Structures are given as structure tokens and as C-alpha cells.
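Each ligand, and each atom within it, is numbered from 1 in the order the structure gives. Note that the structure is a prediction, hence the values are computed from the model and not measured. We use all heavy atoms of the structure for the numbers below, so side chains are in, but hydrogens, waters and symmetry mates are not.
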Amino acid sequence: MTYRYDVITLFPEMFGVLTTCGVTRRAHERGIWQLQTWNPRQFASDRYKTIDDRPYGGGPGMVMLAQPLAQAIDAAQHDQRVAGLPAGRVIYLSPQGRRLDHARVVSLLAEPSLVLLCGRYEGVDERLLNTVVDEEISLGDFVLSGGEIAAMALLDALIRQMPDVLNDAASAAQDSFADVTTGGLLDCPHYTRPEVYAGQAVPPVLLSGNHADIARWRRQQALLSTLSKRPDILARAREAGQLTQADERFLALQSSAIKPNP
Ligand code: 4GX
């Protein structure tokens with residue numbers, strides 16, 4: 001299967017990062033995913049290529065016009081159908097959306113095509129959102145200067161979960177947050193050479209060659225890290241039945257204080 005993503009953006013150059021760097025670049029070169037950008041400016045209907053205007057009711061800033069965005073989205077979906085794919089669902093990146101999490105990343109991988117709409121300025125005319133947007137997704141409770149970086153973050157999270165993208169099939173599933181929604185824990189700490197750095201030795205168990213001991217230590221470190229940094233995630237893991245009796249016995253011994261996240 002190959003995925004196709006069409007992005008509506010005033011800054012198509014920003015998306016070059018995904019096709020020129022790292023894991024996302026290699027997956028793109030191997031044809032696992034494709035990207036098409038659409039600049040709403042090319043669909044502006046006046047000779048000044050206007051894509052925004054002042055807000056009705058007054059106030060600061062500008063609002064993106066509905067018409068150039070609607071035409072850009074139409075063109076993208078038309079192209080997706082010509083390519084033999086379904087017209088993708090339209091996702092608008094905005095702080096008003098539902099927070100992105102790993103479960104949503106996984107479920108979006110069921111869709112071979114998507115259209116991502118990136119807003120700039122104060123936002124997009126509400127009537128465009130009402131008529132064409134299927135879903136609003138937020139990266140988090142903070143404000144970016146446009147939807148592009150949020151769309152790129154979403155794409156990066158999607159691509160690294162696609163089959164055959166990561167060298168080690170286990171590493172996608174093992175990550176911190178790999179599935180915190182269904183009981184995953186934060187990652188355990190990692191060490192590489194040298195054996196002593198800044199006066200800190202590598203935990204001896206990792207040099208022991210005893211794989212059962214190493215696995216137990218890593219599990220316990222993950223439990224401790226989750227307990228102290230994200231007790232909400234530990235509670236979710238417990239509710240999802242993901243903690244073993246050994247896990248619970250270990251946690252019961254850690255009556256010591258939960259350190260606040262610095
Ligand atoms: N997670 N932004 C959208 C335009 C905008 C302005 C006002 C709606 C209302 C963001 C985020 C994000 C900045 C993208 C504002 N949209 N996107 N943009 N947080 O901050 O996704």
C-alpha cells in the first residue's frame with residue numbers, strides 16, 4: 001500500500017523537510033508515501049492573488065478566504081481520485097481540534113489518502129470549515145504561527161508507523177507512548193559508550209549479559225519513570241490491565257515520594 005497526502009498551504013517549501021531528511025525521506029524514496037502540496041494563492045480569483053481579508057466585526061489580523069481554499073481542496077481531492085484513491089478526508093490543524101495521540105495516529109493509517117489544511121493568520125473563514133472540514137486536530141494547548149508545523153508533526157508520526165519504515169520493526173512499537181492509550185508506559189533509559197560519562201557509570205546490569213535481568217530492570221525503570229513523570233499514564237496502564245503482579249509488587253515497594261516533573 002502507498003499512502004498519499006495532499007497539503008493545502010501558503011508555504012509548500014516547509015514540507016521539503018519531510019522528503020529530504022531522515023526516516024521520512026527514506027520512506028518517501030521507497031514509495032511508501034507521497035506528498036502533494038497545493039498553494040491556495042494559485043486559486044485566488046483576483047489579479048492581486050488575494051488569499052485573506054479583514055475580519056467582519058473588526059479586530060486584529062486577517063482571515064483566510066474560503067474560496068481559494070475550497071478550490072485548492074477540490075483540486076487535491078480530484079487529483080487523489082485520478083490517482084485511483086478515495087478523495088481524502090479533510091483535516092484542519094488547529095488548537096480548537098481534538099488533541100492528537102498515538103491511538104489517532106494508528107487509526108489514521110487506515111486511510112490511504114488525506115487532505116491536510118494549514119491555516120495562517122487568525123484562522124480560516126468559519127463557513128469553509130463548516131462545509132469541507134471533516135476533522136480538527138490539535139498538537140497541543142499552545143499556539144503556532146500556522147498549521148504547517150502541526151501538519152508536518154502529524155505526517156512524521158504517521159510515516160514512522162507505516163509498515164517497513166523503521167529498520168527495526170520492534171522500535172516503533174517499543175517507544176515511549178507507543179501505546180499509552182492502551183496501557184503503554186514511558187520508555188526506559190538508554191546508554192551507549194563510554195562506560196563512564198560525566199562521572200556516571202552505565203548501570204552494571206546492562207553489562208551483565210543476563211537478558212532476563214536486563215528485561216526486568218528495563219521494565220522497572222519504565223514503571224518508575226512513568227510513576228514519577230506521568231502518573232496519569234500509569235493509572236491508564238493499570239486500568240487497561242497492562243500491569244502484571246510483578247509490576248504491582250515492584251510499585252508497592254516504591255512508597256517513596258513521586259517527584260514533580262521539573
Ligand atoms: N495544533 N495553529 C492553526 C490558524 C488558526 C488560528 C485561529 C484556528 C484559529 C495548532 C496547534 C496551532 C496556529 C494552527 C493557528 N486556526 N495547530 N493556526 N496547536 O497552534 O495544530
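To the nearest 0.5 Å, the span separating CE on Met162 from CD1 on Ile159 amounts to 5.5 Å. With rounding to the nearest 0.5 Å, the separation of NE2 in His28 from OG1 in Thr20 is 10.0 Å.
Using a 4.5 Å cut-off on side-chain heavy atoms (C-beta onward), Val202 and Arg193 make no contact.
In the displayed structure, His190 atom NE2 is contacted under 6.0 Å by more than 12 heavy atoms of other residues, nucleotides or ligands.
For atom 7 (C) of ligand 1, the nearest protein heavy atom (residue, atom name, distance) is Glu122 O, 2.7 Å. Atom 3 (C) of ligand 1 has as its closest protein heavy atom Leu93 O, 3.3 Å. Atom 1 (N) of ligand 1 has Leu139 N, 2.8 Å as its closest protein atom, hydrogens excluded (heavy atom only). Regarding atom 9 (C) of ligand 1, its nearest protein heavy-atom neighbour is Gln96 OE1, 3.3 Å. Of the protein's non-hydrogen atoms, Gly119 O, 3.9 Å is the one closest to atom 18 (N) of ligand 1.
Close N/O approach between Gly123 and ligand 1 is not found [any backbone or side-chain N/O within under 3.5 Å]. Considering backbone and side-chain N/O of Leu144, one or more are found under 3.5 Å from N/O of ligand 1. Between Ala150 and ligand 1, not a single N/O pair is under 3.5 Å apart.
Every atom of ligand 1 is numbered from 1 in the order shown, and the set under 4.0 Å from a heavy atom of Tyr92 is 4 (C), 5 (C), 8 (C), 16 (N). Heavy-atom contacts of Phe142 reach the following atoms of ligand 1: 19 (N), 20 (O) (cutoff under 4.0 Å).
A salt bridge links Arg216 with Asp213; the closest basic N to acidic carboxylate O contact falls under 4.0 Å. The existence of a salt bridge linking Asp79 and Arg4 is confirmed by a sub-4.0 Å separation between a basic side-chain nitrogen and an acidic carboxylate oxygen.
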